[in-house]
Amino acid sequence: QQYQERYASIVAEDRDESSQQRLKVWGKGLRMFIDRPFTGVGTGAFSIANAEGYSEGRKSYLAPHSLYIQLIAELGIIGLITFGLYVSALFYYQKKYRRYLIDKFKRRTWLWGLLMGMTLSLVTLMVVGIFGHSLYRSNWYFYGGLTIAVGYILARLDQFDQNEVKHVT
C-alpha cells in the first residue's frame, strides 16, 4: 500500500516535495542525455553531473531513481543500445532454452523453472527500474552468467546424448 501511494504521487496533481524533486532530477537526466547523446556523462557520474553542471543555486547530488534515466544520462545512445542488446539476448536465450527443455523432456524440468524464474526476475527489474536506479545491480551480471551456464549444460547434455548413441550402434 505504501509503495502504491508513493508511485501514484508521481502522477498526482498535488505532488509531495520528494515527487517534485524526482521529476526535476528526471528532467536534468534528459538534459544530460541531450547534451551528451552518444556517451552520456559517464558511468556512475549522474549525481556529480547533477550537482556540478545541472543544479541552480544549492547543489543537488540526487540520483535519478530511474534505471532508464540513469541509463541514457550516464551511458548515452551507445549504452542504451548495448544494454538493450544484452537484455534482449537474455530474454531470447532463456526462451530458447526453455523451449529446448520442453522439446527434449516433454515436461517442465527444474532447469526450465530456473530459466522462467530468471525471466520473471528480469521483467521485475525492468518494471521496478522505472522508479529505481538499478542499472549497476549485480543481478544483471548474475542472470547473464547463469543463462550462459545453462546453455553450456544443455550443449554438454546434447554431446553426451550423441556419444551414447554412437556407443550403442
- Closest contact, heavy atoms only, Gly29 versus Ala73: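 Gly29 and Ala73 have their closest heavy atoms at O-CB, 3.6 Å.
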- Minimal non-hydrogen separation, Ile72 against Leu30, with atom names: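 Smallest heavy-atom distance, with atoms named: CD1-CD2, 3.7 Å.
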- Pairs in or reaching into residues 80-92: which pass side chain to side chain donor-acceptor pair (under 3.5 Å), with residues at least two apart or in two chains?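 Every pair satisfying side chain to side chain donor-acceptor pair (under 3.5 Å) with a residue in residues 80-92: there are none.
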- Message: Determine whether Leu154 and Leu111 satisfy the following criterion, side-chain contact (heavy atoms from CB on, under 4.5 Å), listing intermediate values before the conclusion.
- Response: CA-CA 10 Å; Leu154 295 178; Leu111 204 49; 4.0 Å; yes
Using atom types as modelled, flag every donor-acceptor pair under 3.5 Å from a side chain in residues 115-134 to any protein atom, sequence neighbours excluded.
from: Thr119; atom 1: OG1; to: Gln94; atom 2: OE1; distance (Å): 2.6
from: Thr119; atom 1: OG1; to: Arg98; atom 2: NH1; distance (Å): 2.9
from: Thr119; atom 1: OG1; to: Leu115; atom 2: O; distance (Å): 3.0
from: Ser121; atom 1: OG; to: Gly117; atom 2: O; distance (Å): 2.9
from: Ser121; atom 1: OG; to: Tyr143; atom 2: OH; distance (Å): 3.3
from: Thr124; atom 1: OG1; to: Leu120; atom 2: O; distance (Å): 2.9

Does [X] share a hydrophobic cluster with [Y], counting links as ILVMFWY side-chain heavy atoms below 4.5 Å and allowing steps through other members?
| X | Y | answer |
| --- | --- | --- |
| Ile48 | Trp26 | no |
| Tyr152 | Ile148 | no |
| Leu114 | Ile153 | yes |

- Message: Pair Gln70, Tyr136 - check side-chain contact (heavy atoms from CB on, under 4.5 Å), show working.
- Response: CA-CA 10 Å; Gln70 182 180 20; Tyr136 304 116; 3.3 Å; yes
- Given the rule in the side-chain contact (heavy atoms from CB on, under 4.5 Å) test, do Ile69 and Met32 qualify, once you have shown the distances and angles that lead to the verdict? CA-CA 10 Å; Ile69 299 294; Met32 289 177 204; over 6 Å; no
Side-chain donor-acceptor pairs of residues 33-47 under 3.5 Å, sequence neighbours excluded:
from: Asp35; atom 1: OD2; to: Tyr54; atom 2: OH; distance (Å): 2.6
from: Arg36; atom 1: NH1; to: Tyr54; atom 2: OH; distance (Å): 3.4
from: Ser47; atom 1: OG; to: Tyr61; atom 2: O; distance (Å): 3.2

- Query: Given side chains that start at C-beta, do those of Ile102 and Arg107 come closer than 4.5 Å, heavy atoms only?
  - Reply: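 Not touching, per the 4.5 Å side-chain cut-off.
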- Message: Could you tell me if the side chain of Asp158 sits less than 4.5 Å from the side chain of Lys104, heavy atoms only?
- Response: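 Yes - at least one pair of side-chain heavy atoms lies under 4.5 Å apart.
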- Query: CG of Leu71 to CD1 of Ile81: how many Å apart, nearest 0.5 Å?
  - Reply: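 The CD1 atom of Ile81 is 10.5 Å from CG of Leu71, to the nearest 0.5 Å.
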- Enter the distance from Lys24:NZ to Gln20:CD here, rounded to the nearest 0.5 Å.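 That separation rounds to 6.5 Å.
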- Task: Kindly determine whether Ser60 and Lys28 satisfy side-chain contact (heavy atoms from CB on, under 4.5 Å), including the steps that lead there.
- Result: CA-CA 11 Å; Ser60 170; Lys28 291 176 184 181; 4.1 Å; yes
- Message: Can you list everything that forms a ring pair (Phe, Tyr, Trp, His ring centres under 6.0 Å) with Tyr93? Sequence neighbours excluded, please.
- Response: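 By the ring pair (Phe, Tyr, Trp, His ring centres under 6.0 Å) rule, Tyr93 matches Tyr97.
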- Message: Test of understanding: with salt bridge (Lys or Arg N to Asp or Glu O under 4.0 Å), list the residues that count as partners of Arg31, not counting sequence neighbours.
- Response: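 Salt bridge (Lys or Arg N to Asp or Glu O under 4.0 Å) list for Arg31, sorted by chain: Glu56.
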- Query: Mind checking what makes salt bridge (Lys or Arg N to Asp or Glu O under 4.0 Å) contact with Lys59, not counting sequence neighbours?
  - Reply: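 Counting only residues at least two positions away or on another chain, Lys59 forms a salt bridge (Lys or Arg N to Asp or Glu O under 4.0 Å) with Glu52.
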- Message: Determine whether the aromatic ring centres of residues Trp112 and Phe105 are separated by less than 6.0 angstrom.
- Response: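 Centroid separation for Phe105 and Trp112: 6.0 Å or greater.
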